[in-house]
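What follows is a short report on a single structure.
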Protein chains: 2
Amino acid sequence: MDSRARPRSVTMEDVAREAGVSRALVSLVMRESPLVSPARRALVLETAERLGYTPNRLASRLASNRTHTIGVFLLGLHNPVFADIYAGIAEGIEGSGEHLMVAVGAAEQDAGTDVDPAREAEAITSFVDLRVDGILLAGYTGSPESLTALLRGTPAVVITRELTAPGVDSVLADDRLGGRLAVEFLNELGHDRIAHIASRATLPYGSRRAGYVEAMTRLGLEPLVVEESMTERGGHRAMGEILRTASTRPTAVFANNDLAALGALGALASAGLSVPRDVSVLGYDDTAFAASDVVQLSSVDQHGRDLGRGAAEQLLRRIAGEDGAPVVRRLAPRIVPRQSVAPPRSWA
Amino acid sequence: MDSRARPRSVTMEDVAREAGVSRALVSLVMRESPLVSPARRALVLETAERLGYTPNRLASRLASNRTHTIGVFLLGLHNPVFADIYAGIAEGIEGSGEHLMVAVGAAEQDAGTDVDPAREAEAITSFVDLRVDGILLAGYTGSPESLTALLRGTPAVVITRELTAPGVDSVLADDRLGGRLAVEFLNELGHDRIAHIASRATLPYGSRRAGYVEAMTRLGLEPLVVEESMTERGGHRAMGEILRTASTRPTAVFANNDLAALGALGALASAGLSVPRDVSVLGYDDTAFAASDVVQLSSVDQHGRDLGRGAAEQLLRRIAGEDGAPVVRRLAPRIVPRQSVAPPRSWA
DNA sequence: ATGAAAGCGCTAACAG
DNA sequence: CTGTTAGCGCTTTCAT
């Protein structure tokens, strides 16, 4: 063993002995039981304070077999969408008596490209082995089978993705619909040549692209998809590639998320093109930065906060014992138009 | 007690019995001890798998009195600076065998205004009671005394702030210097009327403002400080107030962080002013969004990632047993000029 | 209202 | 190499 154990701390036993009462009584006081006489309670609290007693939550959780803790897995911290989802989760568990404990899948900004499956698995295993009441997953990239294996029965709710596995519910926006809406919205504005910056096909998040392709096809338009990592840099590269290779320049670009859209905006600026005059840009997620005055990026709002809240509420229900087949809740996304879109120039 | 305990899961005892070996042997196998014969090891692993055994980390941590876990407290997720710091922390503990567990202080975007001291305290108490090896704090707003009381001896490193308390180290950028550099940088460009959007004086993060005031005074310039919450909205309001009330419009604005600077950019645009032609804007933290092509915000880089890494390394040293007086490590910030600054118009 | 006693599931000497 | 024996610090019946 590498490092030495921490010095033994003051225990309930110590407090009990010093106060001249039983350990059980101290336990009751610590848990604010009403069954304790005010006198004893005061005595115990005072002694505990004097001795510098710190309850050992590991021990109490082990003994009581309950943790009152929900594990939250977030893919990364650089994408603001996770901040929104987290805010919703926090709101959702409010007043439930549950605590939140978060684990981050990928520390690097360029995550999404190189998600580390081992890290992801370790985070979930860790929650399970710590016996959390349930797990909330935002941005999980593994397969349903792996998840089932990792969870070993711990209730879980997957956010922003539909994942079919026993005991796992899903709360997400209708991404396929979002993709369709994006195309229809741009098309109604007059756009025919609409490109799409998609996330890598290896990731289980392809519905937005599917919706895009479906709507384009139905409108008799030719889909133009470029795959990239969903980061600003990725979006920049993708836009560059589109400008370089497209036989005719698209008049609008729909990106799979706001980060990539931001990158596209940058690439367009570098190329001397004006948004929305030359090219319209539409993002996805409606993050705080899209809404920023200086960015004014139009975006498809998936209601990240609502997803977080809904997932938390659903998990609480499962924890409370509600059973039944896996539930899939799908919210309708909506377009939030801002300055980055306009009718194509030839139209005006 | 409100909710029923989770169903009893498969234990080492079960595996031992089923495999016809002792519990201790199973324990050794689980901890990958080399002292176990390959045959037994295989037998045990196979039985464990078959029975669906899941180690109970609560029990092992309790028994071994070691958690190999570091608690990370982050003020909020909406400010990207915490993502950078976290990335540094993750880098810093790499290979140490420690795990990360994070708690978030404020879920709301407008945090910073109304930090919830109870939440903050609960997060730290929770880490302490879970017996983490050490705690890393980014954005802690409480007093040194409260922190000492909460930590009860758990080693901790505070990031982006100097906090004098026994057993607590600090890793931060020299914010006062940063404030001075900001003023000097703008002044060398020709600016005389430099306003500052500061964080609330109630928060223990006032050095940037102090540096600003110091440099302004030394240069014989008149400081103009507006206090606001460090969010985009706060920055917007502050800039509005400056435009509304200043007798002569400043030619440059230095904001206490990038979010507020972003808000200032928005307010300037709304007011029909051009950046940097009419007003130069300088932020702080050099977050990813300042660096974005579409924002191009000049900023003071506090090297958030380095702070995170340095703090993690320092904590690891403490955990390894290094003692001695509290250490304060202060990195020098540097200006990252981008398109949001230029010489004042009268100068060009 | 308080105490005694039996675990929770695991680790850690210590034998052998 | 493997088994025995004590705990880790707390909760939880069950008495009284």
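Naming convention: chains lettered A, B, ... in sequence-line order (proteins, then strands); numbering from 1 in each chain.
Under the 3.5 Å distance criterion, with hydrogens and angles disregarded, no donor-acceptor pair is assigned to the side chains of A:S37 and A:R41. Counting only N and O atoms by type, the side chains of B:E122 and A:H99 include a donor and acceptor under 3.5 Å apart. Inspection of the B:E98 and B:T69 side chains reveals no N or O donor paired with an N or O acceptor under 3.5 Å. With no hydrogens or angles considered, a side-chain donor-acceptor pair links A:S27 and A:R31 at under 3.5 Å.
The distance between atom CE of A:M30 and atom C1' of D:dT12, rounded to the nearest whole Å, is 17 Å. A straight line from CG of A:N56 to P of D:dC10 spans 6 Å, rounded to a whole angstrom. Following rounding to the nearest Å, B:L58 (CG) and C:dC8 (C1') show an atom-to-atom distance of 10 Å. The nearest whole Å value for the distance from the CG atom in A:D129 to the P atom in C:dC10 is 10 Å. Note: CZ (B:R61) to C1' (C:dA12) measures 18 Å, nearest angstrom. Summarising the geometry, the separation between CG on B:L62 and P on C:dA12 is reported as 11 Å, rounded to the nearest angstrom. Rounded to a whole Å, the CZ atom of A:R66 is 11 Å from the C1' atom of D:dT12. The distance between atom CD of A:E13 and atom P of D:dC8, rounded to the nearest whole Å, is 9 Å.
B:R31 has a side-chain polar atom (N or O) that falls below the 4.0 Å cut-off from OP1 or OP2 of C:dA12.
To the nearest 0.5 Å, atom CD1 of residue A:I159 and atom CD1 of residue A:I89 are 4.0 Å apart.
Nearest to the side chain of B:M12, among D:dC10, D:dC8, C:dT11, sits C:dT11.
For the residue pair B:A156 and B:L151, the shortest heavy atom distance occurs at CB-CD1, 3.6 Å.
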Strictly under 3.5 Å: I want the nitrogen or oxygen pairs between protein and nucleotides 2-4 of chain D, one per line.
| from | atom 1 | to | atom 2 | distance (Å) |
| --- | --- | --- | --- | --- |
| D:dT2 | OP1 | B:S37 | OG | 3.0 |
| D:dT2 | OP1 | B:R40 | NE | 3.0 |
| D:dT2 | OP2 | B:S37 | N | 3.1 |
| D:dT2 | OP2 | B:S37 | OG | 3.2 |
| D:dG3 | OP2 | B:S22 | N | 2.9 |
| D:dG3 | OP2 | B:S22 | OG | 3.3 |

(request) Would you please test A:R318 and A:D169 for salt bridge (Lys or Arg N to Asp or Glu O under 4.0 Å) and show each step? (result) CA-CA 9 Å; A:R318 292 300 189 185; A:D169 301 312; 2.7 Å; yes

(message) Before you tell me yes or no, could you show the steps for B:E46 and B:R50 under salt bridge (Lys or Arg N to Asp or Glu O under 4.0 Å), namely the whole-Å CA-CA distance, both residues' side-chain angles and the distance that decides it to 0.1 Å?
(response) CA-CA 6 Å; B:E46 189 259 309; B:R50 183 155 48 78; 3.2 Å; yes

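Residues B:F73 and B:V102 fail the side-chain proximity criterion, which asks for heavy atoms closer than 4.5 Å.
Taking the C1' atoms of five terminal pairs at each end of the helix from C:dA1-D:dT16 to C:dG16-D:dC1, the two resulting helix axes are inclined by 30°, rounded to 10°.
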